[in-house]
There are 2 protein chains.
Amino acid sequence: MTETDRHLMLPIHEQISEALRTRIRSGDLPVGSRLPTETALMSQFGVARGTVRRALRTLNEQGIVQTLQGKGTYVRSGRPEPSIAQTLVGLSESLSYSEKSLTTTVLQQQIIPASGISRFPTPLEPAEQLLSLDRIRFLDGVPVARLKNWVRLQLAPGIDRTDFATTALFTALDSAATGQVSSGRRTFEAVLPGGDIAQSLGISTTTPLLFLTQVTYLDDGTVIEWSDVWMDSHHVTVAMNLTR
Amino acid sequence: MTETDRHLMLPIHEQISEALRTRIRSGDLPVGSRLPTETALMSQFGVARGTVRRALRTLNEQGIVQTLQGKGTYVRSGRPEPSIAQTLVGLSESLSYSEKSLTTTVLQQQIIPASGISRFPTPLEPAEQLLSLDRIRFLDGVPVARLKNWVRLQLAPGIDRTDFATTALFTALDSAATGQVSSGRRTFEAVLPGGDIAQSLGISTTTPLLFLTQVTYLDDGTVIEWSDVWMDSHHVTVAMNLTR
DNA sequence: CAGTGGTCTAGACCACCGG
DNA sequence: CGGTGGTCTAGACCACTGC
């Protein structure tokens with residue numbers, strides 16, 4: 001195995017869940033249909049039952065299938081959407097299992113003093129340094145989301161040296177943060193985009209956008225990051241699974 | 001083992017996760033502390049590693065602990081308050097956190113055949129009867145949301161006799177449903193309202209609205225209800241708490 | 001009843017973390 | 001490097017579903 005191969009190698013259970021997602025999207029496994037039994041999947045993929053179950057668990061968590069004891073695993077109705085909102089993950093993780101390719105362009109990445117911006121979710125010293133990040137997400141080359149993030153540099157030292165075109169913010173936060181990234185709060189609104197947002201997404205200023213604001217906390221309750229995200233509903237939908 | 005014992009017998013992994021929850025609550029395992037390693041828990045509880053991992057998975061999903069590869073499993077800080085959108089509740093429950101008064105007007109409430117509508121999240125017989133509900137929600141007298149719901153009458157017999165001006169749909173569903181209302185899926189988009197939606201909310205057709213679609217399932221996976229909701233972001237925002 | 005998923009065991013090897 | 005969790009195997013028995 002070459003070094004390149006090792007980077008591209010996914011765990012077997014992810015390969016299986018991805019293969020099943022593909023079969024579902026292609027219509028090979030239509031909505032409401034039953035997936036092959038776990039035993040059948042074992043032989044189809046040549047793995048042990050635990051690995052099949054690990055793959056099915058992912059699909060259940062993503063709301064793509066539903067497993068019922070004694071009956072089987074069924075394809076859920078509704079087109080499969082990433083469940084963005086249920087757990088604290090970055091947008092790229094949320095969208096990454098779509099069949100489309102997700103790419104990121106960094107418009108701007110710089111260190112600024114807190115006095116340089118107007119909206120904080122928490123009181124800051126004017127001189128405190130923030131990493132300001134401004135990016136566009138593309139799905140198959142089509143701009144679908146504009147993301148602005150602010151990270152408190154003293155709580156994530158060195159994060160400014162990350163290449164955010166290839167590394168997700170949450171991945172970088174996890175390794176750079178001085179504490180554990182543990183919780184967050186998101187709000188959703190519908191807005192009309194300002195001129196620069198509209199231009200960067202290639203839409204008119206009369207196209208409604210889903211506007212998401214997010215604050216991320218360390219486990220001691222400190223705010224470490226906050227962001228504003230505009231998403232074009234024509235291309236990405238925010239979905240979440242709910243339980244009682 | 002007696003018959004009673006058998007009913008009370010919980011899976012071992014649940015007994016373990018409950019035991020750990022108790023140790024955390026008691027302060028035996030304080031916030032931020034590391035749990036015993038999986039190997040240590042194996043011998044403490046006399047089970048295989050898979051069982052320990054199944055128990056830790058539950059605690060991770062509940063946001064009580066956080067497991068980090070190569071490091072260990074740590075007790076997380078106290079959980080944020082119940083979030084609006086993370087659990088399956090009706091909109092009235094979600095908005096009642098606000099101090100403003102919430103009222104509802106029923107525009108239409110009638111029984112229609114499935115053939116009378118165009119969009120189902122699940123295949124239906126054309127003759128199947130649906131309760132069709134169309135309502136407006138007011139916050140302090142200002143219209144903020146338009147709600148359209150469809151309920152499969154055969155799965156919630158008698159629900160059509162509910163007074164939905166005073167009773168929340170989910171309350172009625174709970175008592176009328178033939179099964180347990182257990183899960184749901186919501187998606188969010190930003191849209192421009194059609195003329196009737198705009199008019200009912202007293203806004204123009206160029207005001208962007210948050211558009212929420214929801215499907216509600218019984219615990220056997222059957223779709224029992226689905227809905228379309230338009231919300232005016234100027235008056236209500238959807239917020240949710242997230243955990244890792 | 002046969003078939004399904006849920007639980008559980010007892011191993012093995014690997015990737016990641018920190019000193 | 002030793003210790004941690006992540007993955008994976010190859011079995012076993014049980015609880016639930018539907019015929």
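Order of the sequence lines sets the chain letters (A, B, ...), proteins ahead of strands, with each chain counted from 1.
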Handout entry: Strand-adjacent residues in residues 49-58 of chain A, judged by heavy atoms under 4.0 Å from DNA chain C
Key = Arg49(A), Arg53(A)
Report the distance from atom [atom1] of [X] to atom [atom2] of [N], rounded to the nearest whole Å.
| X | N | atom1 | atom2 | answer |
| --- | --- | --- | --- | --- |
| Leu41(B) | dC8(C) | CG | P | 15 Å |
| Ile12(B) | dC13(D) | CD1 | P | 15 Å |
| Asn60(A) | dG5(C) | CG | P | 11 Å |
| Met42(B) | dA10(C) | CE | C1' | 8 Å |
| Gln66(B) | dG5(D) | CD | C1' | 13 Å |
| Ile16(A) | dT7(D) | CD1 | P | 13 Å |
| Leu35(B) | dG5(D) | CG | C1' | 13 Å |
| Leu10(B) | dC14(D) | CG | P | 18 Å |

Any donor and acceptor pair, going by atom type alone, linking the side chain of [X] with main-chain N or O of [Y] inside 3.5 Å?
| X | Y | value |
| --- | --- | --- |
| Thr22(A) | Glu18(A) | yes |
| Thr222(B) | Ile224(B) | no |
| Arg49(B) | Met42(B) | no |

Exercise for the section: Among Leu56(B), Leu10(B), Val47(B), find the one that has a side chain to side chain contact (heavy atoms under 4.5 Å, CB included) with Ile16(B). Expected result: Val47(B)
Handout entry: Candidate nucleotides dG6(C), dG6(D), dT4(C), ranked by approach to the side chain of Glu38(A) - the nearest
Key = dG6(C)
Practice task
Among the candidates dG6(C), dT7(C), dT9(D), find the nucleotide nearest to the side-chain atoms of His13(B).
Solution key: dT7(C)
Exercise for the section: Go through the steps to decide whether Gln154(B) and Gln129(B) satisfy the test side chain to side chain contact (heavy atoms under 4.5 Å, CB included), and finish with yes or no. Expected result: CA-CA 7 Å; Gln154(B) 66 187 47; Gln129(B) 285 190 314; over 6 Å; no
Show each protein N/O and nucleotides 16-19 of chain C N/O combination with a separation under 3.5 Å, one pair to a line.
unit_1, atom_1, unit_2, atom_2, d
dC16(C), O4', Gln69(B), OE1, 3.2
dG18(C), OP1, Lys71(B), NZ, 3.4

Below 3.5 Å, can you tabulate the donor-acceptor pairs from side chains in residues 142-149 of chain A to any protein atom, sequence neighbours excluded?
unit_1, atom_1, unit_2, atom_2, d
Arg146(A), NE, Asp134(A), OD1, 2.6
Arg146(A), NH1, Asp196(A), O, 3.4
Arg146(A), NH1, Ser200(A), OG, 2.9
Arg146(A), NH2, Asp134(A), OD2, 2.9
Asn149(A), OD1, Arg135(A), NH2, 3.0
Asn149(A), ND2, Glu225(A), OE2, 3.0

Exercise for the section: Indicate yes or no: at least one non-hydrogen side-chain atom of Val65(A) is less than 4.5 angstrom from one of Ile24(A). Expected result: yes
Problem - Test item: Thr37(B) and Arg34(B) side chains (from C-beta on) under 4.5 Å apart, heavy atoms - result: yes
Practice task
Give a yes-or-no answer on whether the side chains of Thr67(B) and Thr73(B) include a donor-acceptor pair shorter than 3.5 Å.
Solution key: yes
